[in-house]
Amino acid sequence: MTASTKSAQKPRAWQRMLSGRRLDLLDPSPLDIEIEDIAHGLARVARWNGQTTGAHAFSVAQHSLIVEEICRKLEPGWDKKKRLMALLHDAPEYVIGDMISPFKAALGLDYKAFEARLETAIHVRFSLPVHPPAPVKSTIKRADIICAYFEATQLAGFTATEARRFFGAPPRGMAFKLTPRATADIEAAFLKRFRSLIDPA
């Protein structure tokens, strides 16, 4: 193969998942998305770039479970689809990892567009609105920030004063005791919660 032939070939833009699916990262298809791959990946992606205390990393899967729980406290009347959107709010990170907010800002719009395409495919795969309604999106974002406050103060070395400056104070009376859980345990817990939310009963 000549150098010119090599340069003409497109670089591989798909990732093989453990399910056997090949997910095209540039044009993700809902048909190539499996919840088992999402749970497996998110349970192995560390929040805070791994800079947290404890015997285990605090995973995106565990964070997602807590965010969904906070949403239930904030909006107890939500139906299962809204709760599922909360559980899957960081699902694209099973492919792209959990980039800290300052790095996302540095990468700019192209990263956000890439993340949005993947989120769209995930939502279509699980029969969710492509674009969550603004009130739902706002509540999930609020829950995400509340969770970040507890993570920052309990696991990531922030003082309460620092955390309030970056994330605000959590609602009065809301408290969580965070203990990072083992990968296999949190993967199973994520799948269990997902299945409870797609059960029509």
Side-chain angles (χ1 to χ4, degrees), residues 1-50 57 59-65 67-68 71 79-141 143-144 148 183 186-187 190-195 197-200:
M1 184 180 295
T2 66
S4 60
T5 302
K6 287 182 179 179
S7 63
Q9 288 184 334
K10 290 183 179 180
R12 178 173 67 88
W14 54 264
Q15 178 178 349
R16 187 190 187 283
M17 302 297 173
L18 288 180
S19 64
R21 297 289 189 183
R22 291 188 178 187
L23 182 66
D24 185 334
L25 305 185
L26 299 179
D27 186 21
S29 167
L31 298 176
D32 290 325
I33 291 170
E34 301 291 350
I35 191 59
E36 291 79 10
D37 293 330
I38 292 174
H40 186 84
L42 294 185
R44 287 159 176 76
V45 175
R47 293 271 293 170
W48 305 91
N49 278 346
S59 70
V60 174
Q62 188 168 356
H63 163 82
S64 298
L65 285 164
V67 167
E68 191 266 326
C71 284
D79 60 23
K80 288 186 175 183
K81 280 191 179 293
K82 293 183 178 73
R83 294 177 185 179
L84 183 57
M85 281 188 276
L87 183 68
L88 296 176
H89 78 283
D90 277 338
E93 294 179 7
Y94 89 106
V95 173
I96 58 182
D98 180 34
M99 293 187 183
I100 58 175
S101 295
F103 192 42
K104 286 182 180 180
L107 287 174
L109 184 60
D110 286 348
Y111 171 84
K112 298 301 292 183
F114 176 81
E115 186 177 38
R117 283 196 300 272
L118 190 51
E119 181 179 65
T120 293
I122 291 167
H123 278 209
V124 171
R125 171 65 178 84
F126 300 117
S127 303
L128 296 172
V130 171
H131 302 294
V136 173
K137 192 171 184 178
S138 177
T139 297
I140 293 172
K141 182 62 178 176
D144 190 52
T183 298
I186 204 64
E187 180 178 344
F190 187 93
L191 283 171
K192 181 178 179 181
R193 184 58 184 155
F194 171 84
R195 287 167 181 150
L197 292 173
I198 60 169
D199 185 349

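The first residue in the sequence is number 1, and the count goes up from there.
- Between V124 and I33, every side-chain heavy-atom pair lies at or beyond the 4.5 Å cut-off.
- Taking CD from E119 and CG from L128, the interatomic distance works out to 9.5 Å, rounded to the nearest 0.5 Å.
- A salt bridge links R195 with E36: the distance from a Lys NZ or Arg NE/NH1/NH2 to an Asp or Glu carboxylate oxygen falls below 4.0 Å.
- Within the 4.5 Å cutoff, the side chain of R193 has heavy atoms near those of the E68 side chain.
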Do I122 and Y94 pass the side-chain contact (heavy atoms from CB on, under 4.5 Å) test, and can you show the C-alpha distance, the side-chain angles, and the key distance before you say yes or no?
CA-CA 11 Å; I122 291 167; Y94 89 106; 4.2 Å; yes
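- A side-chain contact (heavy atoms from CB on, under 4.5 Å) with V95 is found for one member of V45, L118, I38 and no other, namely L118.
- The aromatic rings of F194 and F126 sit perpendicular to each other, their planes meeting at more than 60°, with 30° as the lower class boundary.
- Judged by distance alone, with hydrogens and angles left aside, the side-chain atoms of R21 form a donor-acceptor pair with the main-chain N or O of L31 at under 3.5 Å.
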Verdict with reasoning, C71 to I140, per side-chain contact (heavy atoms from CB on, under 4.5 Å):
CA-CA 6 Å; C71 284; I140 293 172; 4.1 Å; yes
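- Note that the NE2 atom of H40 and the CG atom of L191 stand 11.0 Å from one another [nearest 0.5 Å].
- Counting all heavy atoms, side chain and backbone alike, P30 lies closest to A121 at CB-O, 3.5 Å.
- Taking 4.5 Å as the limit, some side-chain heavy atom of L42 sits within range of a side-chain heavy atom of E93.
- Proximity of a side-chain donor or acceptor of S138 to a complementary backbone N or O of A134 within less than 3.5 Å is not detected.
- Rounding to the nearest 0.5 Å places CG of L25 at 6.5 Å from CD of Q15.
- Side chain to side chain, S19 and D37 meet the donor-acceptor criterion of an N or O pair below 3.5 Å.
- Here the side chains of E187 and R44 are in contact, with some heavy-atom distance below 4.5 Å.
- Proximity of S64 to H89: side-chain heavy atoms (C-beta onward) are separated by under 4.5 Å at one or more points.
- At least one side-chain heavy atom of M85 sits less than 4.5 Å from a side-chain heavy atom of H123.
- Distance alone, capped at 3.5 Å, is enough to place a donor-acceptor pair between the K81 side chain and the S127 backbone.
- You'll find the side chain of I35 reaches within 4.5 Å of the side chain of F190, heavy atoms only.
- Taking the side chain as every heavy atom from C-beta outward, P92 and R117 never approach each other to under 4.5 Å.
- To the nearest 0.5 Å, the span separating CD on E115 from OG1 on T120 amounts to 10.5 Å.
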Decide side-chain contact (heavy atoms from CB on, under 4.5 Å) for I198 and K80; before the verdict, give the C-alpha distance in whole Å, the side-chain angles of both, and the deciding distance to 0.1 Å.
CA-CA 7 Å; I198 60 169; K80 288 186 175 183; over 6 Å; no
